[in-house]
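Next up is a structure, given as structure tokens.
Hydrogens, waters and symmetry mates play no part in the numbers below; they use all other heavy atoms, side chains included. Every chain is numbered from 1 and lettered A, B, ... according to where its sequence line falls, protein lines coming before strand lines. For clarity, every value in this text was computed on a predicted model and none was experimentally measured.
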2 protein chains.
Amino acid sequence: MVELQNFYSSCFTVDNIIFGFENGDIKVLLIKRGEEPYMSQWALPGYFVNENESLRGAARRVLKQLTSIENVFLEQIGAFGEIDRHPSGRVVTVAYYSLIKIADYQVTASSIARKASWFKLDEIENLAFDHRKILDKALNQLRWSVRINPVGFELLPPKFTLTDIQKLYETILDIKLDKRNFRKKILSTGLLESLGESQIGVAHRPALLYRFNEEAYNELSDKDFLLAI
Amino acid sequence: MVELQNFYSSCFTVDNIIFGFENGDIKVLLIKRGEEPYMSQWALPGYFVNENESLRGAARRVLKQLTSIENVFLEQIGAFGEIDRHPSGRVVTVAYYSLIKIADYQVTASSIARKASWFKLDEIENLAFDHRKILDKALNQLRWSVRINPVGFELLPPKFTLTDIQKLYETILDIKLDKRNFRKKILSTGLLESLGESQIGVAHRPALLYRFNEEAYNELSDKDFLLAI
DNA sequence: ACAAAAGTGTTCAAAATACACCCATGC
DNA sequence: GCATGGGTGTATTTTGAACACTTTTGT
């Protein structure tokens with residue numbers, strides 16, 4: 001039998017791409033690194049994988065440490081393993097992306113970060129390591145994912161308007177959609193449920209509020225669903 | 001700075017899912033393991049990643065050692081890192097799938113395998129490690145991929161008939177397609193080029209032969225293409 | 001002559017698109 | 001009363017789906 005120890009010359013990390021949506025913009029949660037290498041640079045939140053946890057488990061742990069978030073949408077992007085991606089040795093990272101409702105959580109700095117904050121996509125540059133490449137892949141996957149699964153709802157607050165969700169799709173896919181056609185299509189999926197309530201305190205006709213109907217989604221998700229937008 | 005060595009208690013491998021297409025069936029190349037653990041069981045071809053090679057590089061190397069195949073379509077499936085997936089220690093694997101033209105290559109056993117051969121999907125059971133799970137994910141990704149990119153062409157010989165490619169799609173997606181509608185659709189992509197030649201020696205009207213037009217593909221692949229089949 | 005797969009168009013239904021005005025509220 | 005975004009229907013175009021017979025070859 002091969003001695004595994006002979007191959008113990010490398011290690012793993014996980015990195016999280018945490019997407020949020022606020023004021024019509026996609027945002028990404030970044031940390032300011034508190035340790036070398038890339039000290040004080042902005043980076044994706046991530047850390048080493050412990051021996052006694054799975055990759056996904058590690059991603060959840062890092063996410064929880066940073067945001068206290070649990071039970072959230074989390075999907076793997078893939079592994080990144082260029083030889084020289086980490087200046088101090090061979091480190092392979094596995095990236096996960098998650099979608100969260102910004103308003104629900106208070107982001108806290110932690111042992112792994114000096115500071116954490118949300119960035120709009122166009123404010124981001126010069127990330128540590130190969131994190132820019134990882135972020136780009138995550139964005140691309142999000143754009144596909146949003147058509148195949150109604151993952152977009154994960155980014156919205158529990159009660160939202162049809163305009164909110166239209167803006168979300170427009171932002172993620174970077175396209176402009178026709179209001180009437182979009183409403184027809186999104187309502188025809190049966191995934192939205194009107195709450196019978198309206199917005200209050202807005203300086204225009206108040207919009208009806210909807211919520212995501214999870215039961216309808218569970219029935220649908222087996223058949224391969226494709227939201228043609 | 002964190003001492004990376006403290007985290008050197010695990011190692012990683014690559015595993016390849018090598019798809020081929022023959023006689024109207026999708027086939028997968030498996031090896032009979034020549035070493036412990038899972039000695040003599042069928043498994044996906046894979047091996048440890050060396051310190052001085054990237055993940056993709058390792059996948060290419062393993063593929064070449066086993067089949068002498070080079071310069072082939074190769075795409076990452078993802079990382080698999082359950083704690084106990086390897087009985088002797090912590091081993092995370094990164095899986096890649098490749099598509100090859102079976103007729104082009106002679107599969108040879110090698111140091112890492114006692115035997116290698118092609119299996120139809122319904123002949124496969126009881127793979128080593130979590131390889132069944134990895135294979136299922138690869139299949140699922142192939143089914144999506146084939147709609148988004150015209151990757152199916154990678155599985156066909158350089159000259160093929162329209163019926164060949166229809167059979168390919170029918171097999172991968174496990175559906176039945178209408179001949180006339182399929183031809184209209186596949187020709188309208190502009191990705192096929194008639195060679196003006198016909199089959200010879202077949203006991204029926206000989207079919208026209210086509211080839212894949214790579215230039216047309218390169219122009220198309222920027223815009224996001226979706227073959228709605 | 002017969003078996004076997006190739007090749008070919010039209011009709012109908014469904015889905016996507018384009019498009020403009022009135023409504024309810026806060027200030 | 002005016003500015004702001006909410007809400008609604010129809011006509012047209014495009015796309016997808018269903019469907020059957022003739023052609024060419026080998027035996």
Side-chain angles (χ1 to χ4, degrees), chain A residues 21-25 146-148 150 156-157 159-171 173 175-211 220 223-229, chain B residues 21-25 146-148 156-157 159-171 173-211 220 223-229:
Chain A
F21 184 71
E22 197 175 45
N23 303 328
D25 289 303
V146 92
R147 295 167 168 228
I148 290 168
L156 294 172
K159 301 176 179 189
F160 50 84
T161 69
L162 293 178
T163 301
D164 288 340
I165 190 167
Q166 182 179 342
K167 287 256 172 62
L168 175 68
Y169 274 91
E170 288 181 335
T171 306
L173 298 174
I175 50 176
K176 195 93 194 79
L177 296 166
D178 178 87
K179 185 162 59 161
R180 283 182 281 195
N181 295 337
F182 178 80
R183 284 166 184 235
K184 246 180 289 176
K185 212 176 289 180
I186 203 80
L187 289 173
S188 75
T189 63
L191 293 171
L192 293 186
E193 199 172 353
S194 170
L195 288 161
E197 307 169 43
S198 300
Q199 290 177 305
I200 46 174
V202 289
H204 54 78
R205 174 171 172 179
L208 282 168
L209 294 168
Y210 289 80
R211 72 177 184 90
L220 224 84
K223 312 150 196 154
D224 67 351
F225 162 79
L226 201 145
L227 189 61
I229 281 197
Chain B
F21 185 70
E22 199 176 44
N23 303 329
D25 290 302
V146 94
R147 294 165 170 230
I148 290 167
L156 293 173
K159 303 178 178 187
F160 50 84
T161 68
L162 294 178
T163 301
D164 288 341
I165 191 170
Q166 182 179 340
K167 287 256 173 62
L168 176 66
Y169 274 90
E170 287 182 336
T171 305
L173 299 174
D174 198 20
I175 50 175
K176 195 90 196 83
L177 296 165
D178 178 87
K179 184 162 62 162
R180 284 181 282 196
N181 293 338
F182 179 80
R183 283 166 185 236
K184 249 179 285 176
K185 212 176 286 180
I186 203 80
L187 289 173
S188 75
T189 63
L191 293 171
L192 292 187
E193 197 172 352
S194 170
L195 288 162
E197 307 169 42
S198 301
Q199 291 178 305
I200 45 171
V202 289
H204 55 78
R205 175 170 174 180
L208 283 169
L209 294 168
Y210 289 80
R211 73 177 183 88
L220 224 86
K223 313 151 196 153
D224 67 352
F225 163 79
L226 202 145
L227 188 62
I229 284 199

Original post:
Which nucleotide, dG6(D), dA24(C), dT24(D), lies nearest any side-chain atom of Arg205(B)?
Top reply: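 Of all the options, the side chain of Arg205(B) is nearest to dT24(D).
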**OP:** Go through the N and O atoms of the side chain of Lys179(A) and the base of dT17(C), and report whether any donor-acceptor pair is under 3.5 Å.
**Re:** no
**OP:** Return yes if some donor-acceptor pair links the side-chain N/O of Ser198(A) with the main-chain N/O of Leu208(A) below 3.5 Å, else return no.
**Re:** no
Original post:
Hey, does Ser198(A) reach any base, or is it just sugar-phosphate, or nothing, if we go heavy atoms under 4.0 Å?
Top reply: nothing
**OP:** Kindly say whether, by distance alone, the side chain of Lys176(A) makes a donor-acceptor pair under 3.5 Å with the base of dT17(C)?
**Re:** no
Original post:
Rounded to the nearest Å, what distance is computed from the CD atom of residue Gln199(B) to the C1' atom of nucleotide dG26(D)?
Top reply: 13 Å
**OP:** Quickly work out the Ile186(A) CD1 to dA16(C) P distance and round it to whole Å.
**Re:** 13 Å
Subject >> side chain to side chain contact (heavy atoms under 4.5 Å, CB included) between Tyr169(A) and Val146(A), intermediate numbers included >> reply: CA-CA 8 Å; Tyr169(A) 274 91; Val146(A) 92; 4.1 Å; yes
Original post:
Gln166(A) has an atom CD; how far is it from atom P of dG7(D), in whole Å?
Top reply: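 Nearest whole value for this atom pair: 11 Å.
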**OP:** Provide, to the nearest angstrom, the distance between the CD1 atom belonging to Ile165(B) and the P atom belonging to dA5(C).
**Re:**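 In whole Å, dA5(C) P lies 19 Å from Ile165(B) CD1.
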Original post:
Do Arg180(B) side-chain and dA6(C) base share a donor-acceptor contact under 3.5 Å?
Top reply: no
Original post:
Can you tell which of dG7(C), dG9(C), dG9(D) lies closest to the side chain of Asn181(B)?
Top reply: dG9(C)
Original post:
Under 4.0 Å between a side-chain N or O of Thr163(B) and OP1 or OP2 of dA5(C)?
Top reply: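 So the side-chain polar atoms of Thr163(B) never come under 4.0 Å of the phosphate oxygens OP1 or OP2 of dA5(C).
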**OP:** Measure the distance from CG on Leu162(A) to P on dG5(D) and round it to the nearest whole Å.
**Re:** 16 Å
Original post:
Atom CZ of Phe182(B) to atom P of dA18(D): distance rounded to whole Å?
Top reply: 16 Å
**OP:** Taking the side chain as every heavy atom from C-beta outward, state whether Tyr210(B) and Leu187(B) have any atom pair closer than 4.5 Å.
**Re:**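 Contact flag for Tyr210(B)/Leu187(B) side chains = yes.
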Original post:
Is there a donor-acceptor contact under 3.5 Å from the side chain of Gln199(A) to the main chain of Ala207(A)?
Top reply: yes
Original post:
In whole angstrom, what separates Leu208(A)'s CG from dT8(D)'s C1'?
Top reply: 12 Å
Original post:
Under 3.5 Å, is there a donor-acceptor pair between the Thr163(A) and Arg183(A) side chains?
Top reply: yes
Subject >> Under-4.0 Å side-chain N/O to phosphate OP1/OP2 contact, Lys184(A) with dA15(C) >> reply: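 Checking dA15(C) against Lys184(A), no side-chain N or O comes under 4.0 Å of OP1 or OP2.
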Original post:
Which residue, His204(B) or Tyr210(B), contacts DNA chain C at a nucleotide closer to its 5' end, judged by nearest heavy atom?
Top reply: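 Upstream on the strand: His204(B).
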Original post:
How many Å lie between CD1 on Ile175(A) and C1' on dT17(C), as a whole number?
Top reply: 13 Å
Subject >> Options dG7(C), dT24(D), dA17(D), nucleotide nearest the side-chain atoms of Pro206(B) >> reply: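 That would be dT24(D).
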Subject >> Whichever of Thr161(B) and Val202(A) has its nearest DNA chain C nucleotide further upstream toward 5' >> reply: Thr161(B)
Original post:
Of all heavy-atom pairs between Ile175(A) and Leu177(A), which one has the smallest distance, and what is that distance?
Top reply: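 It is CD1-CD2, 3.8 Å.
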Subject >> Residue whose nearest DNA chain D nucleotide is more 5′ - Asp178(A) or Ala207(A) >> reply: Ala207(A)
Original post:
Can a donor-acceptor pair under 3.5 Å be found between the side-chain atoms of Arg183(B) and the base atoms of dA6(C)?
Top reply: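 Under the 3.5 Å cut-off, the side chain and the base do not form any donor-acceptor pair.
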